[in-house]
Amino acid sequence: MGSTVLSLRIDGELLDRLRQHAAKRGMSVQDYVVRTLIRDDFDERFKAAVDETEKFYGPEETAGVRAEGVT
């Protein structure tokens, strides 16, 4: 898988916060931002999958399964 360059302009205050968050995890700002984007993308895809499951089975049945602890 190749890589592509993405250039963006961000506020200096935001960059400082990103540096702090990345430093806490021992990461570069670039790695921190990429991992955050990947995690966010996964969360969106997971939510879409849950929504599709609820459309197929119906929210009552999936809620009942969760309530019974059979997840």
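Positions are given from 1 along the sequence. Values below: all heavy atoms of this structure, side chains included; hydrogens, waters and symmetry mates excluded.
Evaluation of the side chain to side chain contact (heavy atoms under 4.5 Å, CB included) rule for Leu6 yields Leu8 as partners, not counting sequence neighbours. Applying the side chain to side chain contact (heavy atoms under 4.5 Å, CB included) criterion to Phe56, with sequence neighbours excluded, gives no partner residue. Applying the side chain to side chain contact (heavy atoms under 4.5 Å, CB included) test to Asp41 and every residue at least two apart in sequence or in another chain returns Arg45. Legend: residues meeting side chain to side chain contact (heavy atoms under 4.5 Å, CB included) with Leu15, ordered by chain and number and at least two apart, are Ile10, Arg19, Val29. When the side chain to side chain donor-acceptor pair (under 3.5 Å) test is applied to Glu52, the partners found at least two apart in sequence or on another chain are Lys55. Not counting sequence neighbours, Arg35 has no partner by the salt bridge (Lys or Arg N to Asp or Glu O under 4.0 Å) test. Looking at residues two or more places apart in sequence or on another chain, you find no salt bridge (Lys or Arg N to Asp or Glu O under 4.0 Å) involving Arg39. In terms of the side chain to side chain donor-acceptor pair (under 3.5 Å) criterion, Thr36 has no residue partners (sequence neighbours excluded). Qualifying side chain to side chain donor-acceptor pair (under 3.5 Å) partners for Lys47, counting only residues two or more places apart in sequence or in other chains: Asp51. With sequence neighbours left out, Glu44 forms a salt bridge (Lys or Arg N to Asp or Glu O under 4.0 Å) with no residue at all.
Note on Phe42 and Val50: same hydrophobic cluster, where clusters join Ile, Leu, Val, Met, Phe, Trp and Tyr whose side-chain heavy atoms are under 4.5 Å apart, directly or indirectly. Tracing side-chain contacts under 4.5 Å through hydrophobic residues (I, L, V, M, F, W, Y), one reaches Tyr32 starting from Leu37; they form part of the same cluster.
Scanning both residues, His21 and Arg25, for their nearest heavy atoms gives O-NH1, 2.9 Å. Taking every heavy atom of both residues into account, Ala22 and Ser28 meet most closely at CB-O, 3.7 Å.
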